[in-house]
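I'd like to ask some things about the structure below.
For this chain, numbers begin at 1 and follow the sequence in order. As the structure is a prediction and not an experimental result, all values here were calculated from the model.
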Amino acid sequence: MTLAYQEFYTADDYSLWDGEWELIGGMPYAMSPSPSVTHQVISTNIATSLKDSLSSKTNSDTKACKDCLILIETDWQVSNDTVVRPDVMIVCKAVKEKVFVTPNLIVEVVSSSSTKRDELMKFELYQQEGVLYYILVYPDKRIAKAYINKCGCFTKLGDYSSDTIEFDNSGCSLSLNFESVWRQ
């Protein structure tokens, strides 16, 4: 009996690759084709809504909010064999040029080519790594599914289409109005 050989890659390997990739548990995943216009519009709208929420008067005096960054399509190096690129994430700890800390909130805009990875692999990874909020956004259905991490396990907050969801983000109150997210 012959065993199949399976490659195992590290973040060092990943840093040398051309193109758009993610690395999960040592396994490479191509991120092509590039995101659609709708995908990019929704990601930008989400990031803008979250940025507006962070910049609001109620948060302006909160030190925790001043440390928060909203990042779009930025690598998060989880470990030596896992590097992912969430569509949108909020990091509320000091970062320089690379993200090595666990984000507080991650949003993935789900496409037909990313469904399995976003709903299964990343769901499990983000849950295990302690991401506080995970939101899966489905542009075709105009619905978002939001989860909160309680005791190491994601619990569903609800499904949102035109609602505003409030997040308690370590002393920072955030909101996301889904009515303003969808591409018109």
- Is there a chain of hydrophobic side chains (I, L, V, M, F, W, Y, each step under 4.5 Å between heavy atoms) that links V110 to I135? no
- Query: Taking all atoms of both residues into account, what is the closest heavy-atom pair of N149 and G130, and its distance?
  - Reply: ND2-CA, 3.6 Å
- Message: How close do E7 and M27 get, counting heavy atoms only, and between which atoms?
- Response: O-SD, 3.7 Å
- Message: With a 6.0 Å cut-off (strictly less than), is the heavy-atom count around NZ of K156, excluding the residue itself, greater than 12?
- Response: yes
- Message: Could you tell me if the side chain of E179 sits less than 4.5 Å from the side chain of T164, heavy atoms only?
- Response: no
- Would you say I72 and Q40 make side-chain contact, with heavy atoms under 4.5 Å? no
- Message: Membership question, hydrophobic clusters at under 4.5 Å side-chain separation (ILVMFWY): are V107 and Y138 in the same one?
- Response: no
- Reported SG-to-CD distance for the pair C153 and Q127, which is rounded to 0.5 angstrom: 4.5 Å
- Message: Do V99 and T74 have side chains that approach each other closer than 4.5 Å (heavy atoms only, starting at C-beta)?
- Response: yes
- Query: Is a salt bridge present between R117 and E108, judged by a nitrogen-to-oxygen distance below 4.0 Å?
  - Reply: no
- Query: Residues two or more places apart in sequence or in another chain: which of them pass side-chain contact (heavy atoms from CB on, under 4.5 Å) with Q77?
  - Reply: A11, V83, F100
- Closest non-hydrogen atoms of K122 and Y134, given as atom of the first, atom of the second and distance, are CB-OH, 3.9 Å
- Query: Is there a side-chain contact between V95 and V101 (heavy atoms, below 4.5 Å)?
  - Reply: yes
- Query: Mind checking whether Y29 and L23 sit in one hydrophobic cluster, side chains of I, L, V, M, F, W, Y counted as touching below 4.5 Å?
  - Reply: no
- Find the distance between OG (S180) and CG (N45) and round it off to the nearest 0.5 Å. 6.5 Å
- Message: With rounding to the nearest 0.5 angstrom, report the CD1 to CZ distance, I90 to F167.
- Response: 8.0 Å
- Message: So that I know where these two stand, are Y133 and Y147 an aromatic pair - ring centroids less than 6.0 Å apart?
- Response: no
- Task: Could you please spell out the steps behind the side chain to side chain contact (heavy atoms under 4.5 Å, CB included) verdict for M121 and K116?
- Result: CA-CA 7 Å; M121 297 174 76; K116 182 177 178 182; 5.5 Å; no
- Item | Joint cluster assignment, I148 & L125, ILVMFWY side-chain distance < 4.5 Å | no
- Message: Set out, in order, the CA-CA distance, both residues' side-chain angles and the distance that settles side chain to side chain contact (heavy atoms under 4.5 Å, CB included) for V88 and I106, then state yes or no.
- Response: CA-CA 6 Å; V88 179; I106 290 180; over 6 Å; no
- Within one Ile-Leu-Val-Met-Phe-Trp-Tyr cluster: Y126 and L105, side-chain cutoff 4.5 Å: no
- Task: Answer yes if the side chains of D81 and Y14 hold a donor-acceptor pair under 3.5 Å, and no otherwise.
- Result: no
- Task: For residues I42 and W182, determine if any side-chain heavy atom of one lies less than 4.5 Å from a side-chain heavy atom of the other.
- Result: yes
- Note on the structure: Distance col, row M89:CE vs L50:CG, nearest 0.5 angstrom, shows 13.0 Å
- List the atom of V131, the atom of N104, and the distance in Å for their closest heavy-atom pair. CG1-O, 4.1 Å
- What's the shortest heavy-atom distance between V109 and D118, and which atoms? O-OD2, 4.0 Å
- With a cut-off of under 6.0 Å to the ring centre and 45° to the axis, is K145 in cation-pi contact with Y160? no
- Message: In the structure I gave you, are the side-chain heavy atoms of P86 and V84 within less than 4.5 Å of one another anywhere?
- Response: yes
- Could you list the residues that satisfy side chain to side chain donor-acceptor pair (under 3.5 Å) with D52, not counting sequence neighbours? none
- Task: Go through the steps to decide whether D12 and T10 satisfy the test side-chain hydrogen bond (donor to acceptor under 3.5 Å, both in side chains), and finish with yes or no.
- Result: CA-CA 5 Å; D12 290 337; T10 67; 4.5 Å; no
- Message: What's the separation between atom CD1 in I70 and atom CG in L174, rounded to the nearest 0.5 Å?
- Response: 7.0 Å
- Message: Main chain of I46, side chain of S49: is a donor-acceptor contact present, judged purely on distance under 3.5 Å?
- Response: no
- If we only count heavy atoms from C-beta on, is the R142 to F178 side-chain gap below 4.5 Å? no
- Between S36 and T38, does any side-chain donor sit less than 3.5 Å from a side-chain acceptor? no
- Residue pair G25 / T82: nearest heavy atoms and the distance that separates them: N-OG1, 3.0 Å
- Note on the structure: Distance col, row E119:CD vs E124:CD, nearest 0.5 angstrom, shows 14.0 Å
